[in-house]
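We count ligands from 1, going down the list as the structure has it; atoms in each ligand are counted the same way. Index from 1, following the sequence. The analysis underlying the following values was restricted to heavy atoms, covering all of them including side chains, and did not include hydrogens, waters or symmetry mates.
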Amino acid sequence: MSFWQPSLPYNAFLCRYNEIGTKGRNRVRFEEQLADGLQRSLAPIGPLRVIFEHGRIILQPKDGREPLDAAGLALLRQRVPGIAGVSSISPGFLVKPTLAAIEEVIENSFPAVCEAFLAQDPPPVPSYAMRARRSDKRFPMDCQQVETHFARTLLPRYPQLHLDLKNANFVVEVEIRKLRAFVSYERIDGPGGLPAGSSGRVLALLSGGIDSPVACFQMMRRGCMVDYITFHSEPYTPPAYITKLCGIARKLNDYQRRGRLVTVNLLPAQLAIRDHCRSRHRTVLYRRFMLRIASIVARAFNAEALVTGDNIGQVASQTLSNMAVINAATDMMVLRPLLTFEKLETTDIAQRIGTFALSIEDVPDSCTVFAPDDPATATELDRIREDEQNIDIDALLAECLQQTFIVNPRSFSQHPFNESENN
Ligand code: ATP
Ligand code: MG
């Protein structure tokens with residue numbers, strides 16, 4: 001990220017993407033989904049015109065509202081790291097594909113960018129390079145000739161800069177296409193991956209912790225649409241738990257089209273488990289219930305998999321043996337994108353996507369209600385099933401489902417879930 005970049009009167013931005021360029025016949029659909037994601041994430045900038053160029057998407061403010069103002073640029077720099085499918089975006093100047101037009105825009109913008117570059121504290125190594133790309137072979141100069149031309153005309157006037165083609169700190173990029181050329185000085189990195197909505201729908205078990213929101217984001221990066229389900233234990237958990245979860249869901253929805261939040265009161269099942277099952281097994285039994293309910297909701301939503309923030313570790317519910325026993329409660333696929341993450345990697349992502357501050361707010365969730373002092377770290381399915389003989393699973397599922405709602409995380413309005421609910 002280049003914090004020193006000035007706000008110039010840019011008239012467009014150019015989006016680069018990796019994987020979706022390789023998707024053969026599906027490419028057009030992927031590009032449209034990416035353009036859709038870009039327009040949604042960048043909507044506060046105002047309506048944007050989309051230009052599809054081979055391997056690139058260019059966006060331009062509609063209605064003659066150009067150039068991009070400083071607030072638009074700030075929003076771009078803030079949002080791009082979260083737009084699934086984007087490898088990088090450059091704000092810049094869209095001009096005619098002629099040397100004269102490219103020269104004119106560089107003449108007008110280079111001094112301000114160079115000045116801001118050199119004014120950094122501490123001073124940077126003042127190494128300069130131009131990277132030119134030319135897809136229109138009819139352009140009278142090849143890339144190297146363009147680069148040499150500008151090095152010859154610019155460098156004598158800026159003796160502080162020296163040419164360093166490999167490790168330049170200050171890079172001018174020029175893309176020359178058949179119908180247009182694009183000049184830029186800055187690349188804002190995106191998360192890569194696939195555009196939102198290109199890989200199907202999943203239902204994520206979202207808790208008030210740090211991990212599960214990151215698990216949701218990882219799935220979005222791979223192009224999944226994510227709905228959320230959370231379990232509370234009212235009145236043992238406070239209403240603030242739902243408010244907190246709405247906040248997390250709202251933040252996650254910055255990265256996709258509206259995901260729904262399903263809230264379930266797990267208390268009936270928890271009370272029965274507390275009263276009729278071995279206390280060391282509670283955590284695993286609660287989790288098996290969560291998966292059963294989540295699977296019912298997922299089927300109603302046409303979701304193809306469940307997602308959790310599990311990570312192989314010492315926590316009772318997350319040992320390999322317990323995960324296997326929990327998993328056996330459903331025949332739906334359960335995806336665990338954080339399985340092998342270090343905690344630091346997870347918190348870094350949580351910070352970057354803006355969920356960390358929301359997650360660390362201390363509100364009890366249903367896991368903390370009636371949690372055993374000595375949770376078993378290695379349970380056996382047969383023993384767990386013995387415990388489950390003591391409770392009426394179907395009746396408890398029905399009771400929990402009666403206290404299941406679909407909440408709009410923005411307006412907090414809610415309606416009861418029913419199994420014929422769908423998209
Ligand atoms: P997190 O930070 O996501 O809560 P964690 O490391 O605290 O994860 P656990 O509390 O053991 O781990 O939960 C493991 C996973 O189970 C969570 O990531 C989440 O997907 C799911 N989960 C746990 N509690 C709840 C809950 N109350 N509602 C919904 N999902 C839950
Ligand atoms: Mg947790």
K.L.:
Within a distance under 4.0 Å of any heavy atom of L206, pick out the atoms of ligand 1 and give their elements.
P.N.:
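This gives 28 (N), 29 (C), 30 (N) as the contact atoms.
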K.L.:
Could you tell me, atom by atom, which parts of ligand 1 come under 4.0 Å of a heavy atom of I210?
P.N.:
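Near I210, meaning under 4.0 Å from one of its heavy atoms, ligand 1 has 2 (O).
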K.L.:
So which atom in C15 and which in V86 form the shortest heavy-atom distance, rounded to 0.1 Å?
P.N.:
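For C15 versus V86, the nearest heavy atoms are SG-CG2, 3.9 Å.
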K.L.:
Search all heavy atoms of A112 against all heavy atoms of L8 and return the closest pair with its distance.
P.N.:
CB-CD2, 3.9 Å
K.L.:
Please check this pair: side chain of E419 against backbone of A300, looking for a donor-acceptor N/O pair closer than 3.5 Å.
P.N.:
no
K.L.:
Ligand 1 and Q318, any nitrogen or oxygen pair closer than 3.5 angstrom?
P.N.:
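Min N/O separation from ligand 1 is below 3.5 Å for Q318.
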K.L.:
Side chain or backbone, does T308 bring an N or O within less than 3.5 Å of an N or O on ligand 1?
P.N.:
no
K.L.:
Would you say ligand 1 has an N or O under 3.5 Å from any N or O of F231?
P.N.:
yes
K.L.:
Would you mind telling me which of E388, E386, E380 makes a salt bridge (Lys or Arg N to Asp or Glu O under 4.0 Å) with R278?
P.N.:
E386
K.L.:
What about P213: any of its N or O atoms under 3.5 Å from an N or O on ligand 1?
P.N.:
no
K.L.:
Which atoms of ligand 1 have any heavy atom of G209 under 4.0 Å away?
P.N.:
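Reading through ligand 1 atom by atom, the close ones are 1 (P), 2 (O), 4 (O).
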K.L.:
Looking at non-hydrogen atoms alone, which of G208, S207, A294 comes nearest to atom 25 (C) of ligand 1?
P.N.:
S207
K.L.:
Any non-hydrogen atom of V214 lying under 4.0 Å from ligand 1?
P.N.:
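No; V214 lies far enough from ligand 1 that no heavy-atom distance drops under 4.0 Å.
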K.L.:
For the CD atom on E345, are there more than 12 heavy atoms of other groups (residues, nucleotides or ligands in this structure) within a distance under 6.0 Å?
P.N.:
yes
K.L.:
Does ligand 1 have an atom that lies less than 4.0 angstrom from a heavy atom of H232?
P.N.:
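Judged by the 4.0 Å heavy-atom criterion, H232 does not count as contacting ligand 1.
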K.L.:
Give the atom numbers and elements of ligand 1 that come within less than 4.0 Å of a heavy atom of I229.
P.N.:
29 (C)
K.L.:
Under 4.0 Å from ligand 1, counting heavy atoms only, is it the side chain of N311, its backbone, both or neither?
P.N.:
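Looking at N311 and ligand 1, no heavy atom falls under 4.0 Å.
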K.L.:
Looking only at distances, please establish whether an N/O atom of ligand 1 is found under 3.5 Å from an N/O atom of M290.
P.N.:
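No, there is no polar N/O contact under 3.5 Å.
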K.L.:
With a 6.0 Å cut-off (strictly less than), is the heavy-atom count around CG of D275, excluding the residue itself, greater than 12?
P.N.:
yes
K.L.:
For the residue pair F170 and Y128, categorise the inter-ring angle as parallel (less than 30°), tilted (30 to 60°) or perpendicular (more than 60°).
P.N.:
perpendicular
K.L.:
Give a yes/no verdict on whether any heavy atom in Y228 is under 4.0 Å from an atom of ligand 1.
P.N.:
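Y228: no contact with ligand 1 (<4.0 Å).
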K.L.:
Would you kindly check if the NZ (Lys) or CZ (Arg) of R260 is within the cone defined by 45 degrees around the ring axis of F301 and under 6.0 Å from the six-membered ring centre?
P.N.:
yes
K.L.:
By the definition side chain to side chain contact (heavy atoms under 4.5 Å, CB included), identify the one residue from L42, I58, I188 that meets it with F13.
P.N.:
L42
